[in-house]
Amino acid sequence: MNAPVESIATYNFAYLDEQTKRMIRRAILKAIAIPGYQVPFASREMPMPYGWGTGGVQVTASIIGPDDVLKVIDQGADDTTNAVSIRAFFQKVANVAVTTQTPKATIIQTRHRIPEHPLAEGQTLVYQVPIPEPLRFLEPRETETRLMHALEEYGLMHVKLYEDIATNGHIATTYAYPVKVKGRYVMDPSPTPKFDNPKMHMSPALQLFGAGREKRIYAVPPYTDVISLDFEDHPFEVQAFDKPCALCGAENVYLDEVVLDDRGGRMFVCSDTDFCERRREAGHGGEMGAPVEGEIG
Amino acid sequence: MSITEDDIPLLRVSSLSKSYGARVGCQDVSFELWPGEVLAVVGESGSGKTTLLNCLSTRLMPTSGTVSYRMRDGDWRDLYRMSEAERRFLMRTDWGFVHQNPADGLRMTVSAGANVGERLMAVGDRHYGRIRETATDWLGRVEIAEDRVDDEPRAFSGGMRQRLQIARNLVTAPRLVFMDEPTGGLDVSVQARLLDLLRGLVTDLGLAAIVVTHDLAVARLLSHRIMVMKEGHVVEAGLTDRVLDDPHAPYTQLLVSSILQV
Amino acid sequence: MPTPLVVSDVAKSFTMHLQGGIALPVVKDVSFALKAGECAVLGGPSGAGKSSVLKMLYGNYAVDTGQIIVDHKGELIDMAGASPRTILAIRRDTIGYVSQFLRTVPRVSALDVVAEPLVALGRNRDDARDKARTLLSRLNLPERLWSLPPATFSGGEQQRVNIARGFITGHPVLLLDEPTASLDAKNRAVVVDMIAQKKAAGVALLGIFHDQDVRDVVADRMIDVTRFAPERAAA
């Protein structure tokens, strides 16, 4: 999988120049110091369009070293376009080792998922964030939302949840579900399913969030309280699935629906592809998939 | 009107001035407002009444002068020396602000229930059922049918929007409400209904209010006292009946004589 | 006999700024006192300033000079210099007023218009309405009108609502501005009766009555307003 070494000479290590990395690292340090607070940074043009993870890529580029092992996932999968191209990018500009295995990675850049395999101390999870401002949809003025964060005026966040219940009878927000970090800042966890929210709470890993287009970085340091907002009479709940993964039989994991044919055939499989494969290698099987022999990826 | 003479004022305004460069917004305004008292500020467009209202409600910083407010705990606080956090807290708990255009005071894209419930959630109420019950109750008090609780104000008429705005402001039982031409953009028949509703609520809740209006009939119906403004100055002030029946200042006489009789 | 209201040396003029600032003197040297349990009547031709005197006593008109001392809950207060809040308190507790015309409020029923002064005094709303019913029926206002806002009532009907509203409380001083002007003989008699009851209860009344027979029956004393005419005072 590693890219040819000779091409690295064209770029500084990890693409960004050192001054830019220092600027971003300062933003990251500030973000870690104030968990959940959105730190503005001078987001750079990256060789990919906005919306393809430019914020996450800049964060990763600023913290990655030659000894790091990088994993990139998109919606839990290691082999979708976004994940493949970002992985290839860092192979090319930083010549780092890459992996699909969660426990082996030191840095995991993610779009919309947190791996099922529990993260450990020393690992860093880098989120790609499209819209960092959780209050945006109810209060479009950035001057006002910044003030609301500063003054801890978060009633509006509950207005959103109230609307959910009024409209749907329950809190229908299933992704980008707002959380309160360390009892202070309300934060958008990026469009991860709310299923993953509990994994953010007291995680041993460092979680960094980069929004390239909106030029914001925020962070959740290891072992930090991350509480999903809710009502007393409508407490926060994660999604539950009726059946286990059709391929590996895993329960209590986040499943994707896969349409099999045009006659209504469908299956539910792990969204985290690496997790699913490791389980099948370990001898687990589901109703539509047998255990696999040998190593994949 | 539950006014007793030994009450202590709620608001003390002294020598309040606001200028925009060389232009005068309002000049040297002083008065006191007591709990349960409704003060109408009348004058034509550009007379400084809205500038005054915005300064009093801390939406605008005055050039000079002080405004003190007696907090619920009895402490007097200088409004312009409060922290922004305290001021904003005050504005969404102990105060209300009714805008002329309801769209300025409502969230047009969330339901009526959420509009009313927002202040409750802002002060920490976290029980959906209770919030909704309170919101529904308030809709009833402003004569909006309960089954509209989940509708967005975009689907409401102008009069309903204004009543919703009032409910949204009153749900935290504020002691002081600022109103900027509350009946301004409404049809006459809708105005009458709103005025009557406001009059009832102000009396029942013992609200103090400062109502900016150019409509002397609104002032007569709602207020105990009137302040007449012209070119940024208070030209006359007093008991509403007295100012309207026996106007002293030339400008007040002009205003009173300009009312169309039906 | 207590004297709840004393007027001394009151003068009133209007300055008409829209007519080049000319001063229109209305009354001068107004001095009289009202005793509890009596009904005094302001007399004099139209334009002599009878209504102006009543309006000064109720605070609608400011006075230029002089004093209007009222016994407000045991305290003697000069209304001429009193703050708006004080005037409102005096109106609530001490001085009642039946005006010539009813200032109608949209949508409020006749019953609640009448009950309101009692409610303002802190009385239970149901009790206040009961008392309002008693008064309206005594004044022969048809029951079907009670729940309607008086805006569309005839002059006589509005007048009776107005009277009931003024008489519902036990204010120690009651000002009456032509309360019987648009009433028929039957209802005039009711009002005369009600005034007598107020007197018996120790209320001091001051009224303007155009109606000679009513005046003759209720008046204990005539205060001739022409005495206070500015021209005469100057002469």
Side-chain angles (χ1 to χ4, degrees), chain A residues 34 37 131 133-174 176-181 183-186 194 197 225-237, chain B residues 58-59 82-93 95-97 103-136 138-139 144 146-155 164 167-169 171-172:
Chain A
I34 316 170
Y37 172 71
I131 295 169
E133 180 49 72
L135 301 162
R136 173 78 45 88
F137 290 103
L138 291 157
E139 178 50 70
R141 291 170 295 180
E142 182 78 7
T143 48
E144 183 67 15
T145 54
R146 286 178 74 80
L147 196 58
M148 290 161 80
H149 281 295
L151 302 178
E152 221 179 329
E153 288 180 5
Y154 289 131
L156 202 51
M157 217 57 251
H158 275 86
V159 169
K160 185 171 186 290
L161 301 179
Y162 174 100
E163 282 296 272
D164 255 15
I165 304 172
T167 312
N168 304 296
H170 59 95
I171 299 178
T173 301
T174 52
Y177 191 105
V179 293
K180 195 165 208 181
V181 181
R184 176 59 180 83
Y185 284 95
V186 165
K194 67 176 179 179
N197 275 17
D225 277 325
V226 179
I227 307 298
S228 303
L229 302 182
D230 61 4
F231 284 104
E232 288 158 22
D233 48 345
H234 287 266
F236 173 79
E237 285 172 346
Chain B
T58 73
R59 297 153 57 82
M82 287 172 108
S83 72
E84 182 152 25
E86 287 178 296
R87 214 154 54 210
R88 285 170 65 111
F89 184 76
L90 188 69
M91 286 182 84
R92 61 170 191 263
T93 52
W95 287 7
F97 196 107
D104 294 342
L106 292 172
R107 292 193 190 280
M108 297 303 281
T109 54
V110 304
S111 67
N115 263 291
V116 179
E118 179 174 344
R119 276 178 167 232
L120 299 173
M121 293 182 250
V123 296
D125 201 327
R126 292 290 177 264
H127 191 283
Y128 172 83
R130 276 203 305 269
I131 293 167
R132 190 180 170 82
E133 198 180 298
T134 309
T136 310
W138 266 98
L139 290 185
I144 295 175
E146 289 188 8
D147 62 5
R148 303 301 299 268
V149 66
D150 293 329
D151 292 349
E152 290 179 9
R154 284 189 295 201
L164 180 62
R168 174 177 158 90
N169 272 284
V171 67
T172 49

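Protein chains get the first letters and strands the later ones, always in sequence-line order, with residue 1 at the start of each. The analysis underlying the following values was restricted to heavy atoms, covering all of them including side chains, and did not include hydrogens, waters or symmetry mates.
Of all the heavy atoms in R126(B) and D230(A), the pair that sits closest is CD-O, 4.1 Å. Nearest heavy-atom pair across A166(A) and D150(B) is CB-OD1, 3.5 Å.
Remark: side-chain polar atoms of D233(A) are paired, donor with acceptor, to backbone N or O of Y128(B) under 3.5 angstrom. No donor-acceptor distance shorter than 3.5 angstrom exists from the side chain of E118(B) to the backbone of G155(A), with no hydrogens or angles considered.
Heavy atoms of H158(A) lying under 4.5 Å from chain B belong to its backbone as well as its side chain. At a 4.5 Å heavy-atom cutoff, the contact between R132(B) and chain A is made by backbone and side-chain atoms alike. Both the backbone and the side chain of L138(A) come within less than 4.5 Å of a heavy atom in chain B.
Partners of Y154(A) by ring-ring contact (aromatic ring centres under 6.0 Å, His included), not counting sequence neighbours, listed by chain and number: H149(A). Considering only residues two or more places apart in sequence or on other chains, Y162(A) meets the side chain to side chain donor-acceptor pair (under 3.5 Å) condition with none of them.
Listed options M157(A), K160(A), E153(A) were ranked by heavy-atom pairs under 4.5 angstrom with chain B; first place goes to E153(A). For the set R107(B), R88(B), E84(B), the count of heavy-atom pairs under 4.5 angstrom toward chain A peaks at R88(B).
Within 6.0 Å of CZ on F236(A) lie more than 12 heavy atoms contributed by other residues, nucleotides or ligands. Few gaps surround CD on E144(A); more than 12 heavy atoms of other groups in view lie less than 6.0 Å from it.
For the atom pair M121(B) CE and F231(A) CZ, the distance stands at 5.0 Å (nearest 0.5 Å). A distance of 5.5 Å separates CD of E232(A) from CZ of R130(B), quoted to the nearest 0.5 Å.
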